[in-house]
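Worksheet: the structure to be examined is printed underneath.
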Amino acid sequence: MEKILIIGASGQLGTELTLKLRELFGTENVIASDIHEPSAIIKDGPFELLDATDKNRLIQLTEQYQFTQIYHLAAILSAKGEQNPKFAWDLNMNSLLNVLDIGKDYGSKIYWPSSIAVFGPDTPRDDTPQYTVMNPDTVYGISKLAGERWCKYYYKHYGVDVRSLRYPGLIGYKSKPGGGTTDYAVDIFWKAISDESYDCFLREDAMLPMMYMDDAVNATIQLMQADPEKLTVRSSYNLAAMSFTPAMVYEAIQKRYPDFKISYTPDFRQEIADGWPNSIDDSQARKDWNWKPEFDLKRLADTMLMHLEEILVPMK
Ligand code: AKB
């Protein structure tokens, strides 16, 4: 029987993974944790307050629940990280090392997300390969790249069963992201539904890899359930679904909301986006554990608008 800990369960991905894992393994077997009180959507199940940098508390919870799997999702993202680089580095690295130590000392299987932020301005931008020049320029990207190497190190030297994906920008309706460069692609939907115009902080032609949340959750669970013998990447797998620009997602929304207006005021986040790939080659993930996305931009836009209408229109 599995006992699962989610660290950062109130965050954008944490919320969705908690709900899905509770569906699969039973509510009582999935312990949500976060530094903040639980969001309403994950309240109907076990919850523990946890600061991921507090190793003693993590050990105490592991001894109490005997976790077989830990999903460590807490992190400072790209844009917020640039505002306080040292803090972002300390939090992202120390929390990962704490969790990897739990894997080493207690045998828990570990999931840790990496990101397209591991790539930088010297990286080939189109169909970015699994193995290529990296050289990230943001503290978030540097921490993710260093984290990937630590994952590989703990796998190789201590036999920790750690698995990881390099997520593109993630788009879902159940919770909002915070502090990322790709956040515009969620914000824009909320504005459209609220009958407001949207001032985008990226240029209209800023092409970035993106993914609908259901695909991200499925990929994560598929990777965690994959036969360990088949996994050839123990740092982090490239993962892709679609790529689009702000202008493209605006056009997809405008098909259903013809009066929706957008303006563009690029800020420091444009420079971050300029260093990231346009598109990702995820053939290794497809080969090793049969990864295949289900959502393209049209389906993503239709699904987001449908769900946000259900949530927001009755509140108008
Ligand atoms: C961010 O924009 O920082 C994140 C990411 C791509 O990892 N969404």
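As the structure lists them, so they are numbered: ligands from 1, and atoms in each ligand from 1.
- Protein heavy atom nearest atom 2 (O) of ligand 1, with residue, atom name and distance: Thr181 N, 2.7 Å.
- Heavy-atom proximity to Leu77, at under 4.0 Å, picks out these atoms of ligand 1: 3 (O).
- From the protein, the heavy atom lying nearest to atom 8 (N) of ligand 1 is Thr182 OG1, 2.9 Å.
- Each of Met207, Met242, Met210 was checked for a side chain to side chain contact (heavy atoms under 4.5 Å, CB included) with Met248, and the lone residue meeting it is Met207.
- With respect to atom 3 (O) of ligand 1, the closest heavy atom belonging to the protein is Ser78 OG, 2.5 Å.
- For the atom pair Leu96 CG and Ser143 OG, the distance stands at 9.0 Å (nearest 0.5 Å).
- Residue-ligand proximity, Gly180 to ligand 1, at heavy-atom distances under 4.0 Å covers atoms 1 (C), 2 (O), 3 (O).
- Taking every heavy atom of Trp276 and a limit of under 4.0 angstrom, the matching atoms of ligand 1 come to 1 (C), 2 (O), 3 (O), 6 (C).
- A cation-pi arrangement, defined by a distance under 6.0 Å to the six-membered ring centre and an angle within 45 degrees of its axis, is absent between Lys3 and Phe67.
- In terms of protein heavy-atom proximity, atom 6 (C) of ligand 1 is nearest to Ser115 OG, 3.6 Å.
- For ligand 1, the polar-atom distance check against Tyr167 finds no nitrogen or oxygen pair separated by under 3.5 Å.
- With salt bridges taken as basic N to acidic carboxylate O contacts below 4.0 Å, none links Asp187 and Lys191.
- The pair Lys43-Glu37 fails the salt-bridge criterion, with no side-chain N (NZ, NE, NH1 or NH2) lying under 4.0 Å from an Asp/Glu carboxylate O.
- For the pair Lys176 and Trp190, the distance from NZ or CZ to the six-membered ring centre is under 6.0 Å and the angle to the ring normal is within 45 degrees.
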